[in-house]
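Following: one structure in structure tokens, then a few remarks.
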Amino acid sequence: MTDADLTPLFEAVRQAVHLCRTVQQTRLTSSDKGRSDPVTIADYGAQAILCRAISQVYPQDAIVAEEQGTQFLTLVPEPLRVEVCQLLAETLNVPVSQDDMVRWLDFGRGYAAERTWVIDPIDGTKGFLARRHYAIAVGLLHNGQPAGAVMAAPGYGDGGAVFWSLNGTAIRQGVDGAAPQAIHVSDRTAASDLRVVQSIDQSHFSSDRITRIYAALGLAGKQIISLDSMEKYARVASGEAELYLRVLDAGSTYRHNTWDHAAGAALVIAAGGQVTDVDGSPLDFSQGATLPNRGMIVTNGRIHARVVEAVQSVLRGE
Ligand code: AMP
Ligand code: MG
């Protein structure tokens, strides 16, 4: 349980969606943080908006967030820095300097046991650049446990949606705040009925292992829905899919980022689903920027034990 109020984040997430859409319409320029990890001015702009909102309402809280002030200053060329400040000033209706940007981007940096906000300003940047799916995600950790989430999915359905959860309630509403509806995971269990989501980026998971796991679950040949970003968690939370696997190649040294999973996991758990690593253990969000866990198994809960068993049997058989 947390006594945090998510209301200030709703407005901030909407402002971030507005900024992202403006950048998409007017100019898309990405710089590379390395290892083909693109970042745009919208990533910095959206994070600054979200961190600013948290700094105003919860000045004592900690934030674990993807982008950093020093990278903004060193990777983004001066004309683009000026442009993002202008965009933010228009979006927030206040003057915004580059110093403000850096201060907001780095506000509260670090993990704190009691309450930490976990921000991925644009999850699925490749999807954002290709005008597919992406998410603007804020997770809330209370004593290291996923306790809340506000996640905008601008490419969801007709016009996008904001998903949020707090203390066991999960809601979906329009980006403009219209028509809030409680969401819940589906109760499907039969292999023939299961709907499966996975990453669109083949380098983010082991196709070989996942194909064998699907086969072990009787899902061989099934039509899979591939999409970018944490919207996959939202699809499971809202009962539109039952299974989402993230399993890496044997020997992979990749560490999953906390911000890629905190909001999604909070949402799925609040909607009645289950999120574990490949061993069936809960994700450990208490270690800062990365998770110690190997892979993710995200389900509607009903099929979770069966999926963990299938994953384990495939990994054991290697
Ligand atoms: P998705 O669209 O579900 O693949 O999620 C996109 C996120 O995957 C990005 O924000 C990256 O942080 C993360 N990512 C990048 N490289 C990898 C990798 N090799 N394995 C798993 N996830 C990755
Ligand atoms: Mg991400």
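Indexing begins at 1, ligand by ligand and atom by atom, following the structure's order.
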Review point. Would one find an N or O of His256, backbone or side chain, under 3.5 Å from an N or O of ligand 1?
Key: no
Review point. If you measure every N/O of Asp123 against every N/O of ligand 1, is any gap under 3.5 Å?
Key: yes
Exercise for review: For the pair His261 and Tyr233, name the ring-plane relationship: parallel under 30°, tilted 30 to 60°, perpendicular over 60°.
Suggested key: perpendicular
Practice item. Could you tell me whether Lys232 and ligand 1 have an N or O pair separated by under 3.5 Å? Key: yes
Check your understanding: So, for Ile210 and Leu245, which heavy atoms are closest and what is the spacing to 0.1 Å?
Key -> CD1-O, 3.7 Å
Practice item. Enumerate the atoms of ligand 1 whose separation from the nearest heavy atom of Asn257 is less than 4.0 angstrom. Key: 12 (O)
Exercise for review: With heavy atoms only and a cut-off of under 4.0 Å, state how Ile200 meets ligand 1: side chain, backbone, both or neither.
Suggested key: neither
Check your understanding: What do we get for Met230 next to ligand 1 when only non-hydrogen atoms under 4.0 Å count, side chain, backbone, both or neither?
Key -> neither
Study note, to complete from the structure: In ligand 1, the atoms that come under 4.0 Å of a heavy atom of Ser199 are 1 (P), 2 (O), 3 (O), 4 (O)
Check your understanding: Would one find an N or O of His204, backbone or side chain, under 3.5 Å from an N or O of ligand 1?
Key -> yes
Point to revise | Pair Arg81 + Glu78: basic N to acidic O under 4.0 Å | key: yes
Check your understanding: Does Arg235 count as lying over the ring of Tyr244, i.e. NZ or CZ under 6.0 Å from the six-ring centre, within 45 degrees of the axis?
Key -> no
Study note, to complete from the structure: Protein N/O/S atoms closer than 2.8 Å to the Mg ion (ligand 2) number 3
Review point. Should Thr125 be listed as contacting ligand 1, given a heavy-atom distance under 4.0 Å as the test?
Key: no
Review point. Below 3.5 angstrom, do we get any N/O pair linking Asp228 and ligand 1?
Key: no
Review point. Under the 3.5 angstrom rule, does the side chain of Asn300 hit a backbone N or O of Arg188 as a donor-acceptor pair?
Key: yes
Practice item. Determine whether the side chains of Glu231 and Ser229 contain a donor N or O and an acceptor N or O closer than 3.5 Å. Key: no
